[in-house]
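Below, chain A is the first sequence line, B the second, and so on; all start at residue 1.
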Amino acid sequence: MSHAPSAGAAIPKAQFDTRPLWLLAAVMAAGAALVGSGSTWLTLTVAGLAMGLIVFIIASGLTLVFGLMDVLNFGHGVFIAVGAFVATSVMGGMADWTGSASLGANLVAVGAAMVVAMAVAGAIGLVFERLIVRPVYGQHLKQILITMGGMIIGEELIKVIWGPAQIPLPLPESLRGALLLGDAAVERYRLLAVVIGLGVFALLAWVLGRTKLGLLIRAGVQDREMVEALGYRVRHLFLGVFVAGSALAGLGGVLWGLYQQSVVPQIGAQVNTLIFIVIIIGGLGSTLGSFVGALLVGLAANYLGFVAPKAALFSNIALMMAVLLWRPQGLYPVGGR
Amino acid sequence: MIDRLLSADPPRSRLLAVLLLATVLGLACAPFLFPGAKALGVAAKMLVFILLVASYDLLLGYTGIVSFAHTMFFGIGAYGVAIAATRLGGEDGVGFGALLMGLAGALGLSLLLGLLIGLFSLRVKAIFFAMITLAVAAAFQGLASQLSELTGGEDGLSFSVPEVLTPAFEPFEAPVLGRVIDGQVITYYLLFGVVLLVFLALLRVVNSPFGRVLQAIRENDFRAEAIGYRSAVYRTGSTLVSALVATLAGALLALWLRYTGPDTTLSFEIMLDVLLIVVIGGMGTMYGAVLGSVLFVFAQNYLQEGLRWMGGEGGWLAEVPVLGALVSPDRWLLWLGLGFVLCVYHFPTGLVGRLRARSTTGPSPADH
Amino acid sequence: MLETRGLTIRFGGHVAVDQVSCAFAPGTLTAIVGPNGAGKTTYFNLISGQLPASAGQVLLDDMDISGLSAPQRTRRGLGRAFQLTQLFPGLSVQENVRLAVQARHGGGLNLWQVWRDRRDWLEETRELLAAVRLFDRRDALAASLSHGDQRKLEVALLMALDPRVYMFDEPTAGMSLDEAPVVLDLIRALKARQDRVILLVEHKMDVVRELADRIVVLHQGALVADGEPAAVIASDVVQQAYLGTAPTGDSA
Amino acid sequence: AGEIRIAHIHSKTGPLEAYGKQTALGFRMGLEYATNGTMEVAGKKLVVIEKDDQGKPDLGKSLLAAAYGDDQADIAVGPTSSGVALAMLPVAAEYKKILLVEPAVADSITGDKWNKYIFRTGRNSSQDAISNAVALDKPGTVIATLAQDYAFGRDGVKAFKDAIKQAKLVHEEYLPTNTTDFTAGAQRLIDKLKDQPGRKVIFIIWAGSGNPFKIADLDLKRHGIEIATGGNILPAMASYKNFPGMEGATYYYFGIPKNPVNEALVAQHYKQFKQPPDFFTAGGFSAAMAVVTALKKTNGDTATPKLISTMEGMSFDTPKGVMTFRKEDHQAMQSMYHFRIKVDPAFAWGVPELVREIKASEMDVPIRNKR
Amino acid sequence: MTALLQLDGVHTHIGAYHILHGVDLAVPEGEVTMLLGRNGAGKTTTLRTIMGLWPASAGRVAFRGQAIGGPGSAFATPDIARAGIAYVPESMGIFSDLTVRENMLLAARAARREAELDRARLDWIFGFFPALHKFWLYPAGKLSGGQKQMLAVARAIIEPRALLLIDEPSKGLAPAIVQNLVQCLAELKRERTTILLVEQNVMMARALGDQVAVMDDGRVVHTGRMAELAADAGLQQRLLGLSLGAHA
Ligand SMILES: Nc1ncnc2c1ncn2[C@@H]1O[C@H](COP(=O)(O)OP(=O)(O)OP(=O)(O)O)[C@@H](O)[C@H]1O
Ligand SMILES: Nc1ncnc2c1ncn2[C@@H]1O[C@H](COP(=O)(O)OP(=O)(O)OP(=O)(O)O)[C@@H](O)[C@H]1O
Ligand SMILES: [Mg+2]
Ligand SMILES: [Mg+2]
């Protein structure tokens, strides 16, 4: 190794991969070509991006839990459902605030629902991790089964507490309806989702990119013993991440429930496949990846839904297949899994 | 002789052997031992699941491939028979010819799809593959409900079967051993025979040189390639064998139910049941499929009644606050879910693994 | 019998093996040495087909086998033991070796035979296990062996294949002083058969000195020396870049 | 004395648990009411055996067989989902016993999959669609439909379309059942409707997950487009509050029918549960009324041929007024209600106010079986 | 000289297997203790037991007089590491998905980001193992066998620790790098870092060892000064050589 640079030379720096972002742009361009009309395209694109952000929020918890921690948590939907049901209770109890025409009061109600939902989902996540997930770290099959068992239990408990029937979760007054941008209409609620989605993205990207947390989790998944031998408490780390993931799912549940405007116990199970697809497209554990993946999902559904509604049923799956054929480990591969 | 039949892979635990024997005898005499339509239905479902789960064990336990598309093949078998019976049934009802044609068509389609999936598995690895199969299975289910002309959509297909297999067919005047022999019983024994034979065949496959290579690939496919086994060939082979057996199992189920629909064969729930049974029974043991299926199908069908019997409905337990709501038969899934969790906890190596560990002391430790 | 022509592989901008042309004859043991990261293992990977070459060919009996997959090459007589142990961890020691024996006999696609019936394969397996002194541990899982024992099993897998070309990648690394000679004896016996090509990557110079008929030196992917052991070891490049004995300013 | 055994198979668990529970409750209340609380007909005790089909067709099928075979049920009622019902139909024929379908809606139950042992008190999809068509069918109205892209949605639209006489149907939009974002579909509908003259209506047929009413958030009003849909269970009608003035036709709403049976049901339900009865409660109640009426007529005789001949053409009281099993396909012919939504702060849902009762005679419900 | 690390009658079971049968060992502060023994003797198991990766089923492991292992000990692996022990496992324990940089960053507990790494110490390490500098941004899984071994050692010394447990560091290393390694460990020793070293390479053992302990069949069968062993060919033969080959 005689040509190795002498000690003290500059250490090489990593480069950022922009190609998935170009893909996003290409999809939008393709959408424009297919859709034709400008205002329709704008409506579809804005709605699709906003939808993507909602999907990103509900998927963000899973990015941590499944993507980074490698826990195939099929029970993730339960936290989403819990979040949504907690929102029905909180917002049901704040009728004055949600019914008021003032945006501020409405946002307080939604905010309160989010905080409580995150707290409750996080607390349940704590129990879930200790009782259900902890014994099966690193064992995918058992994770699937045991978390599925957890999911069933969770869903049944929800039925015990809130009943099996659908519960309405109406949007607060001022979040209903649309804003008009020329001929294009954008639902107000989606704008709220955009703000929150971007916030979650920024927070996750910062925490995982600027601190050692992301590295620690990935390393802990690969060789837990070694990480412990380096002096880190993997147990606490994983617990913390799981709770954070659950809380994010709770947040997602509030947003999803408000989007659907009603809540059923199966609400979490219904989005399970969707969010798994997003995480896979993103590359298992990459925040940016699942962000881009969610946006792609949102856009593809809208463009395809407009051009060929019949095919929209398979748009997510087709998208996932296409991405994996291009990049077998997702848009932003995280390690060699 | 018995050793030959079991392909030199005996249960290796006395208790396990006893349990297996009891299961086989119980299933063989089910029509006479357990009267009633429900009991026979449960027994038939056990039979079908034994085959389905065993085929999945070949894939998962022996080859180490996690696929969620297994119910797709199950569904293909069921729909093959159902569609053939509805379409090809002539004036004088449905003949065995039509059913066999349906089965053959289904096997062909499974072969084709199995190959395609196998090819995809070469491109993407492990967990990505699992997720793709999950999506493929979902897409297939969507397709089945879309093509309602052919498949009956969400509602599924009810169809008739050859006369000998219908409940109306009663060859004997008097009951035999206290049971009226009708077409249902005949169908049951048809199922029993096929399942027994195919299960033994599967046992043979996993104990063949081929089966051992599958294990090697599961353990370390890189190494398997480096000693000269083309893992693509073996993986695909395993996928195909298991797909074909699953198809057969699907056909048997359809034959038994005289009905098929998306929820009955294609749903993710069934996939999950299969996965659970494999794990509870003991992965990579084949016998696990038998014990697991019997146990699980039993629980699935009688848990609710168990709760009712325990007093969860109208009984004293129902009066207890909170607990009352929890032990209500309507919440039986709660207890099944709890069972899931506890089984995974307490049988890390499955029932068979547990039983075998009890009876052998294992290889002796380091004795330098 | 085995030859590489201009064999090259690039990983991005990094050329790990650079235009290596070399021929190996039966009956000789060629030691391949070079600093860490010189490309020795990668060279093996290219020969045995674990990695596809960016350029160049691998010839076996004057036939170009560059297009063949790893299993195909193995079945044509290229055998490989790995530097970082590659075993079937969840299978017993005996089953590890038996699978390799079975691979050599090509019975893997038989779906109907009962494997236990192949007594002949079992006999062979047991002989091999005895040869590497793992017979007592035949029922233990490969994963539960100590590191040194795993290395022996790795060698046993290669021996079971009985290929025409043996490639050993640091076979004795991590073996204790009394175990290493067992493996070295096996290699010596192979050499004595005079009909096998033996390639050996080894950092222990005493072993190389004693066993090798010829030494090939790789440095930064390129073949920089090739010849008589004594001469090669004495050469500058080996002394400086590899042994680090010559007084130089650079520590590497 | 002896007893009469009635099996009630429904979704006590599974995705339709909430519906199944309502039906079961309604059925029990109906039996009580019809027997004046004695639970006896002609001196015979009515024994109800409840079974849970979990929404699974194969299970439903084997439960029905077990009910007729093992439990010696004389008559069976249920199930909740159409898929389960269709799987059950042949069993009734095999055991030669009556299956009274409630509330599964698929047309084919009394259509091409029908056999003579099948009766149905619940409304079928055609009745739903036709009544909605009658409610919306005015000259000068332009209609586009939005439905799920599978058999249920397509059949509904077809029946709706066939029943439209004066209005103009300009577009049928079908979206996948798993649709979550309705923007694209809405956009297509808007494009089709916005330049049409006259009253513009999007008629929605949707069941299960997803909320198609969200399309209203795209500000359809600026194009003068209205939304219409049928009735639903109360929690689902909460979102109707956003659509005051919306019209459609419903099967049942507790405030609409004016008759003693309904009054009794509503009063009893309020008394027991402090809330009004819902959609499926009324259905279960009706089924019970049908069973008891028939048994009273046969004087407790449960022989199937006797029951069939009694029930064919039989009229019976229900919370929705008098229903009649028509001879041809054993479908209960019944009134439907044209409603308009009013927002009343006293209720958590949009209140459907009766515009007009659509009598059974006004609806030309086709007979589709092969009798 | 006080013992920094002390093992008294340590037994270890792995599952049903009894591997260590009462290990007694004292590692004096500031010295290099060589742990020798043939394959399967239990060296690796001993190191793992000290690290808390296998629980000691009986006996006591004490570090600076405090019990860090044995029944009743409240110390888990992370606590043991934080007490000042670094470990280079036999299997290297490289995080192959992570880059060399990220591997090093994790090993440096004090640094949250790359910028916070101790550059001087890093350069000192690069001096011994230049390959790590060259492949700084490479996924560690793609390094050559020897390079991985360098990374494993480098990780353990990125920050000063009181005690290093090193399991066969020289395997796979080219002779030049082995010399660097010896030099590196010697420098650490000068800084009074205590080292417990498992090694088959005699040259290294001689160059570094102060004290030596020889294991066989899960027990320490000999302890003494390295110099004595080096001088006594008969002892070497008896403890390490072929004459002890009790294998079948
Ligand atoms: N798959 C790969 N991708 C990228 N680079 C690789 C890959 N495999 C090897 N390399 C690089 O190629 C070079 C040669 O590696 P190789 O393993 O052949 O070295 P070696 O001579 O065997 O070294 P050692 O003596 O340490 O085993 C190394 O720098 C390594 O990082
Ligand atoms: N996971 C395990 N399960 C069962 N036995 C094990 C396990 N790990 C090690 N052993 C056994 O413990 C004994 C000691 O192993 P250890 O790895 O400590 O030996 P070692 O002295 O480090 O040998 P080497 O020089 O080969 O690395 C061996 O007999 C080995 O087979
Ligand atoms: Mg190498
Ligand atoms: Mg060791």
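Looking only at side-chain heavy atoms (C-beta outward), B:F129 and A:L324 stay at 4.5 Å or farther from each other. Looking only at side-chain heavy atoms (C-beta outward), A:P328 and B:F128 stay at 4.5 Å or farther from each other. Contact annotation: the side chain of A:L141 approaches that of B:M283 to within less than 4.5 Å [non-hydrogen atoms, C-beta and beyond].
Contacts of residues 61-75 of chain B with chain A at a heavy-atom distance below 4.5 Å involve B:V66, B:F68, listed in sequence order. Contacts between residues 300-314 of chain A and chain B, counted as heavy-atom pairs separated by less than 4.5 Å, involve A:K310, A:L313, A:F314. Annotation: residues 122-132 of chain A contacts chain B through A:R130, A:L131, A:I132 [non-hydrogen atoms, separation under 4.5 Å].
Note that CD1 of A:I153 and CG of B:L333 are 10.5 Å apart. Values are rounded to the nearest 0.5 Å. Remark: A:I281 CD1 to B:M131 CE distance equals 13.0 Å, nearest 0.5 Å. Rounded to the nearest 0.5 Å, atoms CD1 (B:I127) and CD1 (A:I279) are 12.5 Å apart. We find the CG-CD distance between B:L338 and A:E156 to be 11.5 Å, quoted to the nearest 0.5 Å. Atom CH2 of B:W332 and atom CD1 of A:I152 lie 8.0 Å apart (nearest 0.5 Å).
The residue among B:I280, B:L336, B:V341, B:V278 with the most heavy atom pairs within less than 4.5 Å of chain A is B:V341. The candidate with the highest count of non-hydrogen atom pairs below 4.5 Å against chain B, out of A:V136, A:I317, A:I146, A:L145, is A:L145. Chain A forms more heavy-atom pairs under 4.5 Å with one residue of B:L342, B:L134, B:L60 than with any other, namely B:L60. Between chain B and the options A:E155, A:K142, A:M151, heavy-atom pairs under 4.5 Å are most frequent for A:K142.
The two residues A:M148 and B:L272 make their nearest non-hydrogen contact at CG-CD2, 2.6 Å.
Counting non-hydrogen atoms of other residues, nucleotides and ligands closer than 6.0 Å to CZ of A:R235 gives a total of 12 or fewer.
Only the side chain of A:L72 comes within less than 4.5 Å of a heavy atom in chain B; its backbone stays farther off. Heavy-atom distances place both the backbone and the side chain of B:L143 under 4.5 Å from chain A.
Every residue two or more places apart in sequence or in another chain was checked for a salt bridge (Lys or Arg N to Asp or Glu O under 4.0 Å) with A:D223, and none qualifies.
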*What do the steps show when you test B:V136 against A:M321 for side-chain contact (heavy atoms from CB on, under 4.5 Å), and what is the final call?*
CA-CA 10 Å; B:V136 167; A:M321 297 281 206; 3.3 Å; yes
